[in-house]
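For reference, the structure is listed below as structure tokens.
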Amino acid sequence: MTTACAMLEPMPTIDLEAAWAAFERRDRRWDGRVIGAVKTTGIYCKPSCPARRPKREHVEFFAGSDEARAAGYRACLRCKPDEVGRDREAIGRAIELINQAEDIPRLEQLAAAVGYAPHHFQRIFTREIGVSPAAYARGLRAERAASALNENGTVTEAIYDSGYSAPSRFYADAKDRLGMTPSAWRDGGRGETIRYAFLDTPLGRMLVAATNKGICRLTFDEDLAALKLRFPNATILPADTAMASLISGVMSAIETPTAVHDLPIDVVGTGFQERVWAELRKIPPGETRSYADIAAAVGDPKATRAVGTANGSNPVAVLVPCHRVIRSDGSLGGYAGGLERKRKLLAAEGATWKEQAAFDL
Ligand SMILES: [Zn+2]
């Protein structure tokens, strides 16, 4: 933005309370969203600046460095607020490179491509994204391998949605970023606090994660890094005492699958996915449906394959009982948590299926 144009653009509205609160807690996630300038020193800082906090009445807020400079302030030498945008653009470019690469790029290559020293780049990337570039690349590869059929709701999409492939959008002006949108969910969890715990269940270790509206993930073999990749813009914290009843509800639903439970679920998918997931929840314990049955139930009898895909991308295992969907010939079909778990779940519910002979597989 040039200063000449700035006069003509509407001033972004800054939520001063929220901006001050972010400064007080040195919230890194607010870096790039707002600039705080100290009247007594003439210096402007990003919210995470480690320097001592001035009194509230000595601070004024700007949407960006340009505005702060136009008002006569100088950049803080300690927190280097002007580099936030540059760092983030570099991260956005690195993510594009990783997304486009056939193989996982080496750190040195990535850092050189975006003009940073490797160690420094590793640090800022990890700070912003929550995982190292290599871990991001591995997660992406795993995701692609696991869900080649999955058109929606993937890590990749979450990242694209979060705008890292288009940093200009993600790092758009403060006006956009201070107004949380209803689509926060799809937008990498922006504005949401997600709490998580790992549970030792009869089915093995499971990750449970919840927003304040309900369970957003219940999965096998998922670690914290993967959760953070899925919701790159959410605040991700360990479970607190308020989540305890939800966790015990999940445990009892897994241990006693035939009992009725109505735990709150907070998931967002495409329209089609949501119709499939809703249909899955209607299958009573002990019963199974075929992919074709579900396709017919959602009003698209030919969409058997798409049902299989939506079934496979179910974010809340067991509670959204995708394990109750089997093939039309009565054989198990697939399961994201592995067939052994699908057998265990169905057996615990008293359902029947047809085991395939090894040579059929
Ligand atoms: Zn500073």
Side-chain angles (χ1 to χ4, degrees), residues 1-3 5-6 9 11-95 111 114-133 162-164 167-180 188 190-191 193 228 232-237:
M1 184 196 302
T2 66
T3 1
C5 292
E9 284 171 8
M11 282 297 287
T13 330
I14 298 173
D15 179 341
L16 297 174
E17 292 275 297
W20 173 247
F23 262 78
E24 277 203 301
R25 63 175 186 269
R26 297 187 169 84
D27 193 335
R28 230 173 246 299
R29 290 165 305 148
W30 276 66
D31 290 354
R33 290 165 63 165
V34 73
I35 286 287
V38 186
K39 295 174 198 166
T40 46
T41 59
I43 301 257
Y44 66 88
C45 289
K46 61 187 182 186
S48 70
C49 181
R52 203 169 56 85
R53 288 294 167 264
K55 287 201 176 106
R56 171 70 187 90
E57 63 265 32
H58 293 153
V59 182
E60 68 178 316
F61 291 102
F62 296 96
S65 298
D66 290 345
E67 287 87 340
R69 270 197 307 277
Y73 290 96
R74 303 189 312 282
C76 170
L77 294 176
R78 195 157 169 199
C79 68
K80 301 189 171 69
D82 295 348
E83 287 180 13
V84 173
R86 179 175 163 256
D87 288 353
R88 288 186 166 168
E89 259 178 45
I91 291 165
R93 285 211 311 287
I95 284 181
V114 299
Y116 280 67
H119 179 74
H120 179 59
F121 187 65
Q122 166 108 333
R123 203 167 54 81
I124 60 169
F125 188 101
T126 306
R127 196 177 66 202
E128 278 291 315
I129 304 299
V131 294
S132 69
S162 81
Y164 279 104
S168 54
R169 189 173 77 77
F170 181 58
Y171 301 117
D173 61 3
K175 184 172 54 182
D176 259 13
R177 307 203 57 207
L178 293 169
M180 302 301 177
R190 175 162 311 166
T193 296
K228 285 181 173 169
N233 297 322
T235 304
I236 295 186
L237 299 171

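Counting starts at 1 for both ligands and their atoms, in listed order. As the structure is a computational prediction, the values presented were derived from the model and not from experiment. In this chain, numbering begins with 1 at the start of the sequence shown.
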* Structure fact -> The side-chain hydrogen bond (donor to acceptor under 3.5 Å, both in side chains) partners of Arg69 (sequence neighbours excluded) come to Tyr44, Asp66, Asp82

* Hey, does Cys45 have a side-chain heavy atom less than 4.5 Å from the side chain of Pro81? -> no

* Do Arg26 and Cys49 come close enough that some side-chain heavy atom pair is under 4.5 Å? -> no

* To do: Can you sort out the partners of His120 under ring-ring contact (aromatic ring centres under 6.0 Å, His included), two or more places apart, ordered by chain and number?
  => Tyr116

* Asked: What protein N/O/S atoms are found closer than 2.8 Å to the Zn ion (ligand 1)?
  -> Cys45 SG, Cys49 SG, Cys76 SG, Cys79 SG

* Under the salt bridge (charged side-chain N to carboxylate O under 4.0 Å, His left out) rule, collect the residues that match up with Arg25, sequence neighbours excluded. => Asp27

* Looking at Tyr73 and Lys39, what are the two nearest heavy atoms and their distance? -> OH-CG, 3.4 Å

